[in-house]
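Below is one structure, written out as C-alpha cells, with a few remarks after it.
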Amino acid sequence: MAHVVTPLDQPSNYKDSQARVDRQKQNELLEKSSTLYIGNLSFYTTEEQIYDVFSKCANPEDGGGVKRIIMGLDRHTRTPCGFCFVEFYTHAEALASMRYVSGTKLDERIIRCDLDLGYRDGRQFGRGKSGGQVRDEHRQDYDPGRGGWGAQAQRLEIERRREVEERYADTQPGGPVAGGGDDWKEQNAAPAAVSNKRERSPDDEGDNTRQRARVEEAFRELDSGRM
C-alpha cells in the first residue's frame, strides 16, 4: 500500500525557473535542503503567524528550530505579495513541515510548502511585470486575500475608466465649453421691434404750414363777420 500513496515529505515538481543548475543537480541539493518555499499566502499574513505555524515542526531541543523567515515582497511597493521562505536548521524539520503543514489553512487559505534550493539575496522580490508574483499577473479571478483582481485585469479596468472619463469630460464642471462668446449672443438675440410710424419728410412740413394758414384765415373771416 505504501507504493500507492505519494509521500508528503518528498520533493515536489517545484523548480526555481532562474536556477542555473540542471534538474539532476537540483534534486541532489533538495535532498539536503533545510529551506522551504511557502506559496499561496494571503497578502495580510504576518511573519509572526508564519513563525508560529512552522515552529511547531521544529526541534529546538535537538539544536534545530526556525532559523529565519524571508517574506516575499512586491518589487515596487515593498509590501508582502503572497509567498515567503522559511529556513530551518535541519533537513528533517523542513520535511516535517512539508508533511504536516503543507495543504493546511493559514488565514483561511490553503498554503503549499516545497523544498527550495536555498535563499539567495534578490529572491524575496516578485518577478511579475507589476512587481508581484507572476501568478497574480495573469489571474482572472477576484481574490481579496491577494489584492483583488489580477494585475492585467486591474490595468484593463483602469484603461476603461480613463476612456469613460475622457469621453464625458465635456459634461463635467470646468470642462470645455462651446465657443462663440458674445458673437453667439448677438446672433441669437431677438430682433429689434419694427416701428410702423413713418418718418417725417419735407413735404410733411409744407402741408402743415398750409394747413395752419387756412385755419388762421378761417378765424379772421369769422371775427370779421362778428364785427
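Treat the numbers as computed from the prediction; the structure is a model and nothing was measured.
- Ion pair Asp143/Arg135 not flagged as a salt bridge, since none of the NZ, NE, NH1 or NH2 atoms sits closer than 4.0 Å to an Asp/Glu carboxylate oxygen.
- In this structure, Ser33 has no side chain to side chain donor-acceptor pair (under 3.5 Å) partners at least two apart in sequence or on a different chain.
- Within the structure, side-chain hydrogen bond (donor to acceptor under 3.5 Å, both in side chains) pairs that include any residue of residues 84-94 comprise Arg68-Glu87, Thr90-Glu93 (at least two apart or interchain).
- No donor-acceptor pair under 3.5 Å is formed between the side chain of Thr35 and the backbone N or O of Gly118.
- Side-chain contact check for Arg112 and Asn40: no donor-acceptor pair (N or O, by modelled atom type) lies under 3.5 Å.
- Between atom OH of residue Tyr100 and atom SG of residue Cys113 there is a gap of 13.5 Å, rounded to the nearest 0.5 Å.
- The list of salt bridge (charged side-chain N to carboxylate O under 4.0 Å, His left out) pairs with a residue in residues 43-61, not counting sequence neighbours, reads Asp52-Lys56.
- In this structure Arg146 satisfies the salt bridge (charged side-chain N to carboxylate O under 4.0 Å, His left out) test together with Asp136, sequence neighbours excluded.
- Scanning both residues, Phe88 and Ser97, for their nearest heavy atoms gives CZ-OG, 3.1 Å.
- Residue pairs meeting the ring pair (Phe, Tyr, Trp, His ring centres under 6.0 Å) criterion with at least one member in residues 145-164, sequence neighbours excluded, are Tyr142-Trp149.
- The same ILVMFWY cluster, assembled from side-chain heavy atoms under 4.5 Å apart, contains both Ile69 and Leu36.
- Interatomic distance, CG of Leu117 versus NZ of Lys25, reported as 10.5 Å (0.5 Å rounding).
- The side-chain heavy atoms of Leu41 and Ile50, taken from C-beta on, include a pair separated by under 4.5 Å.
- Take Arg161 and apply the side chain to side chain contact (heavy atoms under 4.5 Å, CB included) test, not counting sequence neighbours, and it matches Glu157.
- Under the rule for a side chain to side chain donor-acceptor pair (under 3.5 Å), the partners of Gln49 that lie at least two apart in sequence or sit in another chain are Thr46, Asp107.
- Put simply, CG on Leu95 and OG on Ser102 are 12.0 Å apart, with the number rounded to the nearest 0.5 Å.
- From Gln26, atom CD reaches atom CG of Asp116 across 9.5 Å, with rounding to the nearest 0.5 Å.
- Shown here are the side chain to side chain donor-acceptor pair (under 3.5 Å) partners of His138, two or more places apart in sequence or in another chain: Gln152.
- In terms of heavy atoms, Gly65 sits closest to Ala58 at CA-CB, 3.4 Å.
- Looking only at side-chain heavy atoms (C-beta outward), Val53 and Ser55 stay at 4.5 Å or farther from each other.
- Residues satisfying the side chain to side chain contact (heavy atoms under 4.5 Å, CB included) criterion with Gln124, sequence neighbours excluded, are Ile70, Tyr119, Asp121.
- Taking Phe83 as the reference, Tyr37, Cys81, Phe85, Gln133 meet the side chain to side chain contact (heavy atoms under 4.5 Å, CB included) condition, with sequence neighbours excluded.
- Residue pairs that meet the salt bridge (charged side-chain N to carboxylate O under 4.0 Å, His left out) test with at least one member in residues 73-82, sequence neighbours left out, do not exist here.
- Following chains of ILVMFWY side-chain contacts shorter than 4.5 Å, one cannot reach Leu106 starting from Phe43, and the two form parts of different hydrophobic clusters.
- No donor-acceptor pair closer than 3.5 Å links the side chain of Arg109 to the backbone N or O of Ile111.
- With sequence neighbours left out, Tyr44 forms a side chain to side chain contact (heavy atoms under 4.5 Å, CB included) with Ser42.
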